[in-house]
Amino acid sequence: MQISLQTNPVSLQTNPVSLSDEFLEELRTVVEQRLSTVDAVCFQHGKDESWHESMPPGAVVFAHSTEEVSEIVKICARHKIPVIPYGTGTSLEGHVGAVHGGVCIDLTEMNEILTVNAEDLDVTVQPGVRRKQLNEHLRDTGLFFPIDPGADASLGGMTATRASGTNAVRYGTMRENVLSMVVVMADGRIIRTSSRSKKSSAGYDLTRLFVGSEGTLGVITEITLRLYGIPEAVSAAVCPFPDLESAVNTVITTIQCGIPVARIELMDEVQMKALNAYSKFDYPEQPTLMFEFHGTEAGVKEQSEMVGDIADDNNAGEFQWATKAEERTKLWQGRHDSYYAAMALRPGAKGMATDVCVPISRLAECILETRKDIDEQELLSPIVGHVGDGNFHCCFIMDPDDLDEMARVESVNKRMVMRALEMGGTCTGEHGVGIGKIDYLVAEHGEALSVMRSMKIALDPDNIMNPGKIIKL
Amino acid sequence: MTENLKPENNDQVLEFVQWAVTQKMPLDVRGQGTKLGMGRPVEADHILDLSGLSEITDYQPSELFVTANAGTPMKDIYAALDQQNQQLMFEPPDYGPLLGSAVDQGTLGGLVACNLAGPRRIKAGSARDNCIGFHAVSGRGEMFKSGGKVVKNVTGFDLSKLMTGSYGTLAVMTEATLKVLPSPENTRTVLVRWAKDGDADQLNNQAMTEALVSTNEVSSAAHLPAKIAARSAVAYLNSAGSAVTALRVEGPAPSTAYRCAALKELLSKFGDVEELHTKNSKILWKEIADVSYLAANQERAVWRISVPPTEGAHVVQRILESAEADVMYDWGGGLVWLQIDEVDQASKNLIRGSVAQVGGHATLVRASKQLRQSAIVFQPLDPYMTGITKRVKNGFDPEGILNPGRMYKGI
């Protein structure tokens, strides 16, 4: 299978539509002054946190309500103008680029937490609410929302990209935690995908179809999420290992014993070096696991002792415990900042985060082969992993203008994805497809694309919703 | 004249479906047919019987998944998992007796197609949350797969979720992969015995909520009014003579004992508290999962009502004001099972109306064929959603040959 990775992404923006004055005037009747065609604003809205170049929309509108989004989409639908929803722009595969130009709907000003139902353990938010904002708001209720991608992303964006984070082993991903949503469809109609009841059985499950649809089926304007009680006790630990296999074997045994660890994160020696430098730690620069245990006092004690025994059997170094909330916050902020820490290893360079996921028994093998390939190609790439799920990221720190280096990055990445697919894994565990992985999706799920395509056509017949993402029509 | 097509492998499934597409011949897709009573009767001349596809194709205990053909009997899957001390976390129920057939007949395909889940739903989700990949033949006569065998993947639209609960109307599933986890070492159940019987008592709802939001990791919360508790095989319940609320904790022995003690203390203000150990707990939660208390009186209809958990008791109260019914609650009050005399229009309006007020849905799970043919079995959709549902169906199955009418008339 031939796969081409575009190293000159500027060319991906093809024939952006021009927006007529009459059309913009129509939009202004809805959003008044909250519309911008300024180059800098459009440029910023055409770019996410990845290495993909900006693909600016022709205009950016700042929506304030579901009804406004509906009116905006109706106008765009009438003129067949592309619509690209935008939250915090922290995606990693070029999800927000305006491939064919069009109108970007910035939802960050829709950032209200609408209702907290503490007894039913759910909360309804607008899409621009950020994950940290939500948890600060919930603090005095004794509840929290566990999904935590690296960035302080918006919940609308996290829903649209089916985000996950470090807690997935215990709490799942956005897939398991979105109960329902309000969506503006491609024709501007507003629908509620299901009720607040925990079980959805009224017809096909559109909720889950929209979770991870990357803005290609509609604009998410309200989300009801599942909440969890803040555990009575939390404890975190950092533990170095002599080599990667020992670390991975510790994870495998832990998971197989059914120990409900909240977090198990792996950082390799290169990432530990970056972490020490960026977040001012002095951990051993060895493959390292970070653990977090949630539960009752007795449960946390029991879990940490069991994991301690398993780690000992695998020649682990000394556990460093962080039981105070501040220590834990610093530790996990360090983990969440790993992308920025990696980039700081080579100032001025750009980062490209990969995202394969493999069956856990193949994980050590997959990481080691990939590390060997990275070193042989003389590239700089720390590796971090949500190892409980078999998911790991290489973060290539590179100079996009160095075509030779980019070609080597491309070849290592391609070999890694193919390795993962051969091992029964997937090309993307949590970052999504966007524009960056369209070709890999073909390699992984060739036959399913015609089904996905027919879904896209069924819900967005004119292909105006974030066109050019996930699938090419 | 109904003809039975019984494929022996995936290629034959593809051939039969392709033939049906070219002939525009509707197919009644089924495994063992144990859940035919759920949903509307299918309008088809040919049965596509998947019970011949019955192999566990890939089970790797260390990877925590099991992959099997759609026609694989669930009892075979349980036996394989049991040997490794693993289980399906969503605790699939066996509705055989509830729907008037024998126990242990269901297949993997039926379980996924109907998106079933047991009492652990509040913690572990349903079949939909646990199905991570599948292979199928669409109504276009094309074989495809989606998802995979790793728990995380974000490769485009999450088709596993759409397929789960589609009652065979979108594609013929030939294989599915489900997550598995180690079985808990210990199970205990805290029972609260109420001084007065309450079919629709707010207090039991409060007790379940308090338990669920506590830090004791309650995996299931159910409430059985006195009449229902009396039908249990567990001595403590059938001799209780009162309504009983049951809360389950699972895990390693020391923390289970600790949490159980904490729960008993928390709940003692509501009534007498008692605890069941692993053996009796398993019997009780299987009864609750299978809704075995409502299996008798097959001539009466059974509804499954899904509402926000704190609304369950309100809805029941409203219904009981004008009708006689047997009721039980699961999922912390969010799932209500209701056995009621075969519905007429008025009682249907009563149930759907009461549910609609709080934003939930009601499914007619058991009723006569005539009634299922004429009544709307699933929560009715508004005209716009009906349109979307038709378009989704049309995208998978443009000729409308797969289980036509099973979910909604004409779809």
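Naming convention: chains lettered A, B, ... in sequence-line order (proteins, then strands); numbering from 1 in each chain.
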In terms of heavy-atom pairs under 4.5 Å with chain B, which of [options] leads?
| options | answer |
| --- | --- |
| A/V211, A/T161, A/L217 | A/L217 |
| A/E447, A/M185, A/K456, A/Q256 | A/Q256 |
| A/L449, A/N391, A/D389 | A/D389 |
| A/M455, A/R162, A/E119, A/E176 | A/R162 |
| A/T173, A/I457, A/I255 | A/I255 |
| A/G212, A/G432, A/P359 | A/P359 |

Quiz item: In terms of side-chain heavy atoms, does A/N167 have a donor or acceptor partner in A/Y228 at a distance below 3.5 Å?
Solution: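 No.
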Quiz item: In terms of side-chain heavy atoms, does A/D122 have a donor or acceptor partner in A/T224 at a distance below 3.5 Å?
Solution: no
Salt-bridged, [X] to [Y], with N to O below 4.0 Å?
| X | Y | answer |
| --- | --- | --- |
| A/K301 | A/E305 | yes |
| B/R259 | A/E302 | no |
| A/K469 | A/E93 | no |
| A/R208 | B/D129 | yes |

Exercise. Could you tell me which portion of B/N153 (side chain, backbone, both or neither) has an atom closer than 4.5 angstrom to a non-hydrogen atom of chain A?
Key: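 For B/N153, backbone and side chain are both near chain A.
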Practice problem: Check each atom of B/K390 against the heavy atoms of chain A and say whether the ones under 4.5 Å are side chain, backbone, both or neither. | Solution: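 Nothing of B/K390, per the 4.5 Å heavy-atom cut-off to chain A.
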Quiz item: Between B/D382, B/I388, B/N85, which shows the greatest number of heavy-atom pairs under 4.5 Å with chain A?
Solution: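 Among B/D382, B/I388, B/N85, the one with the most close pairs to chain A is B/I388.
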Quiz prompt | For chain A, the option from B/L181, B/N394, B/N216, B/T389 that forms the most heavy-atom pairs under 4.5 Å | solution = B/T389
Quiz item: What are the residues of residues 154-164 of chain B, in order of number, with any heavy atom under 4.5 angstrom from a heavy atom of chain A?
Solution: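 Residues in range: B/V154, B/T155, B/G156, B/F157, B/D158, B/L159, B/K161, B/L162.
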Self-check item: Residues that B/T209 engages under side chain to side chain donor-acceptor pair (under 3.5 Å), provided they are two or more places apart
Solution: none
Self-check item: Residues which pass side-chain contact (heavy atoms from CB on, under 4.5 Å) with A/E422, listed by chain and number, not counting sequence neighbours
Solution: none
Quiz item: Between B/Y167 and A/Y204, is a ring pair (Phe, Tyr, Trp, His ring centres under 6.0 Å) present by the stated rule, with each step listed?
Solution: CA-CA 9 Å; B/Y167 285 79; A/Y204 300 136; 9.6 Å; no
Practice problem: Sorted by first residue and then second, give each side-chain hydrogen bond (donor to acceptor under 3.5 Å, both in side chains) pair with at least one member in residues 423-432 of chain A; sequence neighbours left out. | Solution: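 side-chain hydrogen bond (donor to acceptor under 3.5 Å, both in side chains) check on residues 423-432 of chain A returns A/S164-A/E430, A/D355-A/T428, A/H386-A/E430, A/H393-A/E430, A/T426-A/E444, A/E430-B/K152.
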